Amino acid sequence: VGESPAAKRKPRNSSGVAAKIAERLPAPPTSPSADRQAKPCCLKLCRKQSKQIDPENDDRVEVRASLPPSGLAGVEKSLVRWSTGGDALFHEICWQHVLGKAKQRVTTKSVKEGGPARVEKLLIRDAAKTCEKHDSVLKVQEHAKHIAALLRNAKHCIAFTGAGISTAAGIGDYRGRSGKWTDEDRAKASAAIGAAVQTSVNAVNDSQDSDDDDEEEGGVAYEELRPTYTHEALALLIRKGLLHHVISQNGDGLHGLSGVEQSNMSELHGNVFVESCEKCARRYSRPYYTLNDEAGQYFEEMGDQGQSSVAKPKNALQCTTCGLTHRTGRRCTQKGCKGLLKDSIINFGDNLEEGVLDTAQDHARRSDLCLSLGTTMQVTPACELVEMGQTPLRLVICNRQETALDDLAGEINNGQPLGARVFGDCDLLMKHVMRELLPLDEVKKWEEDRPKRLLHYDTQRTNT
């Protein structure tokens, strides 16, 4: 299979031996999109009269560039006001202007006229790979009205979810501006840009270079995660009969915790709270994280280095497809069985569980509306499911980055859009969708009851 975001293993702060696990949950991102205060555009010659970005009315773009090891020291910044961390915020039209300038040939005259110097041009091109777009709140509200109408008229609506719906819960995404994969790619790009700086202005200080592999990654323990607004909204839509099935690429267990029954969801990449018996196949849904990180660390280090800093755990068995291990260290309690238990997570190289995939495909083929939320739809074969629906295909996409299916979501039929393409955070969109679908007093009462739901969630999780 392709990449499996759900397969990333988190650091277990309570266990010192697992502190150096290579693959773990990314730290939660910090995003300027979280508040709605107006902020200045980072294009020095902003194309808007106000020079300020108003989230209520302005479409905006957030970017982060890979900086050379020496940071911005010695980088000629003629076009953009970069932050010290390489971040920048633009009006949508200003970002398009920046991209246009970055395509021009660099000359002394072009720089004097406000075009980017050679190294800044590299920064812009790098930032463009992971730029995140946000529609204005007013535009999101208009999309919400249309999406609510689609939901009312759909006979079999499904949701296809990715890491982006869990970022508000404290999980970092993977391909976003602050995503795990993005940060790893950015480290490589940094070296290339650093070389360009050295060639241009001899400004690179090699002593500042660092080994990213030695840096500790933060992360929120899975047991501490709680459903986001989007998780809870999807669960409510299922109870209302407006949504029929959730197909998730996430292994965080938040859909189930929010109240989605197992029969109403397909967790393609498994669930860190579910383990099953190798012998009798009995499944156990636990209130705690089930993976054996110590055994995973052992097999990973043996594969990478030929030796491990930890001893091989008892009964640990290396998986022939992913190279790690799925055994959790516990045994089945079914009378007369005592078989070894294995986790349900799909790691790189593992095949998707046939029964889970079959159920997902069945619902995908029957769907006349698909809500794709928080995913760039790049992980195969999971991403193929969103295109299996009835004709005409009605697809709603909400995330911060462009996808290969954006044009499909924006298709027009008889003068009307079939689906919708919304750039921004899923929670914001779903908040407005719920207000269009349900009576306002009902929505407010449901939102006010969240503290009660949180208390219930707490009873479903334990660190034991």
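Bear in mind the structure is a predicted one, so any value in this text is a computation, not a measurement. What you see below is based on every heavy atom in this structure, not just the backbone, and it leaves out hydrogens, waters and symmetry mates.
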Step by step, work out the side-chain contact (heavy atoms from CB on, under 4.5 Å) result for Leu393 and Leu418. CA-CA 7 Å; Leu393 189 66; Leu418 288 174; over 6 Å; no
Go through the steps to decide whether Cys322 and Phe348 satisfy the test side-chain contact (heavy atoms from CB on, under 4.5 Å), and finish with yes or no. CA-CA 6 Å; Cys322 71; Phe348 292 106; 5.8 Å; no
Start with the C-alpha distance between Thr290 and Tyr284, add both sets of side-chain angles, then the distance that settles side chain to side chain donor-acceptor pair (under 3.5 Å), and finish with yes or no. CA-CA 10 Å; Thr290 63; Tyr284 295 83; over 6 Å; no
Go through the steps for Thr403 and Asp406 under the test side chain to side chain donor-acceptor pair (under 3.5 Å), then give the verdict. CA-CA 6 Å; Thr403 80; Asp406 286 354; 2.7 Å; yes
Apply the test salt bridge (charged side-chain N to carboxylate O under 4.0 Å, His left out) to residues Glu353 and Arg283: give CA-CA distance (whole Å), side-chain angles for both, the deciding distance (0.1 Å), then the verdict. CA-CA 14 Å; Glu353 190 174 330; Arg283 294 175 72 86; 3.7 Å; yes
Trace of the side chain to side chain donor-acceptor pair (under 3.5 Å) decision for Glu120 with Trp82: CA-CA 10 Å; Glu120 188 175 29; Trp82 300 97; 3.0 Å; yes
Begin with the C-alpha distance, continue with both residues' side-chain angles, and end with the deciding distance and a verdict on side-chain contact (heavy atoms from CB on, under 4.5 Å) for Asn250 and Ile171. CA-CA 11 Å; Asn250 302 336; Ile171 297 182; over 6 Å; no
Quick one: do His255 and Ser258 satisfy side chain to side chain donor-acceptor pair (under 3.5 Å)? Show the steps, please. CA-CA 5 Å; His255 282 302; Ser258 70; 4.9 Å; no
Begin from the C-alpha positions of His244 and Ile238 and carry the test side-chain contact (heavy atoms from CB on, under 4.5 Å) through to its verdict. CA-CA 6 Å; His244 292 79; Ile238 288 178; over 6 Å; no
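Here the shortest heavy-atom pairing between Gly323 and Gln318 reads O-NE2, 2.8 Å. Counting all heavy atoms, side chain and backbone alike, Ala148 lies closest to Leu437 at O-CD2, 3.5 Å. Taking every heavy atom of both residues into account, Gly162 and Thr375 meet most closely at CA-CB, 3.8 Å. Nearest heavy-atom pair, Trp446 versus Arg239, reported as atom, atom and distance to 0.1 Å: NE1-NH2, 4.3 Å. Across every non-hydrogen atom of Ile165 and Cys426, the tightest pair is CG2-SG, 3.9 Å. Heavy-atom minimum distance, Asp343 versus Thr325: OD2-O, 3.9 Å.
For Arg282 (side chain) and Cys277 (main-chain N/O), no donor-acceptor pair under 3.5 Å exists by modelled atom type. A donor-acceptor pair under 3.5 Å is absent between the side-chain atoms of Arg394 and the main chain of Thr391, judged by distance alone. Side-chain atoms of His231 come within 3.5 Å of backbone N or O of Thr228 as a donor-acceptor pair. Glu301 places a side-chain N or O within donor-acceptor distance of the main-chain N or O of Ser309, the cut-off being under 3.5 Å. Side chain of Ser166 to main chain of Ala169: no donor-acceptor pair is present (N/O by atom type, distance under 3.5 Å, no hydrogens or angles). Between the side chain of Asn264 and the backbone N or O of Val260, no donor-acceptor pair lies under 3.5 Å. Asp368 contributes no side-chain N or O that, together with a main-chain N or O of Gln390, makes up a donor-acceptor pair within less than 3.5 Å.
With a 4.5 Å cut-off on side-chain heavy atoms, Lys133 and Asp59 do not count as touching. Within the 4.5 Å cutoff, the side chain of Asn347 has no heavy atoms near those of the Cys319 side chain. Residues Leu123 and Val80 are not in side-chain contact: their nearest non-hydrogen atoms beyond the backbone lie 4.5 Å or more apart. Side-chain contact between Ile158 and Met388: absent, with no pair of heavy atoms (C-beta onward) separated by less than 4.5 Å. Counting only heavy atoms from C-beta outward, the side chains of Asp425 and His134 approach each other to under 4.5 Å. Between Leu268 and Val356, the closest side-chain pair of non-hydrogen atoms falls below 4.5 Å. Between Arg64 and Thr130, every side-chain heavy-atom pair lies at or beyond the 4.5 Å cut-off. The closest side-chain heavy-atom distance from Gln249 to Cys383 is not below 4.5 Å.
Distance check, rounded to the nearest 0.5 Å: CG of Leu373 to OG of Ser248 gives 10.5 Å. Rounded to the nearest 0.5 angstrom, Leu254 CG and Thr230 OG1 are separated by 11.0 Å. In this structure, the separation between CD on Glu62 and CG on Asp87 is 8.5 Å, given to the nearest 0.5 Å. The CD atom of Gln297 sits 10.5 Å away from atom CG of Asn292, with the distance rounded to the nearest 0.5 Å. Interatomic distance, Glu387 CD to Leu408 CG, rounded to the nearest 0.5 Å: 6.0 Å. The distance from atom CG of Leu150 to atom CG of Leu242, rounded to the nearest 0.5 Å, is 12.0 Å.
Side chains of Asn271 and Ser344: a donor-acceptor N/O pair is absent below 3.5 angstrom, by distance only. Checking Ser266 against His363 by side-chain atom types alone, no donor-acceptor pair falls below 3.5 Å.
In summary, of the residues considered (Arg435, Lys452, Arg453, Lys431), a salt bridge (charged side-chain N to carboxylate O under 4.0 Å, His left out) with Glu447 occurs for Arg435 alone. Partner of Glu275 under the side-chain hydrogen bond (donor to acceptor under 3.5 Å, both in side chains) criterion, out of Arg286, Lys342, His326, Arg327: Arg286 alone.
A cation-pi arrangement is present between Arg421 and Phe423 under the rule of less than 6.0 angstrom and at most 45 degrees off the ring axis. For the pair Arg461 and Phe273, the distance from NZ or CZ to the six-membered ring centre is under 6.0 Å and the angle to the ring normal is within 45 degrees.
Aromatic ring pairs are classed by plane angle as parallel below 30°, tilted from 30° to 60° and perpendicular above 60°; the pair Tyr222 and Tyr289 is parallel.
The 12-atom threshold is not exceeded at CD of Gln307, counting heavy atoms of other residues, nucleotides or ligands nearer than 6.0 Å. In this structure, Gln96 places its CD atom where more than 12 heavy-atom neighbours from other residues, nucleotides or ligands lie under 6.0 Å away.
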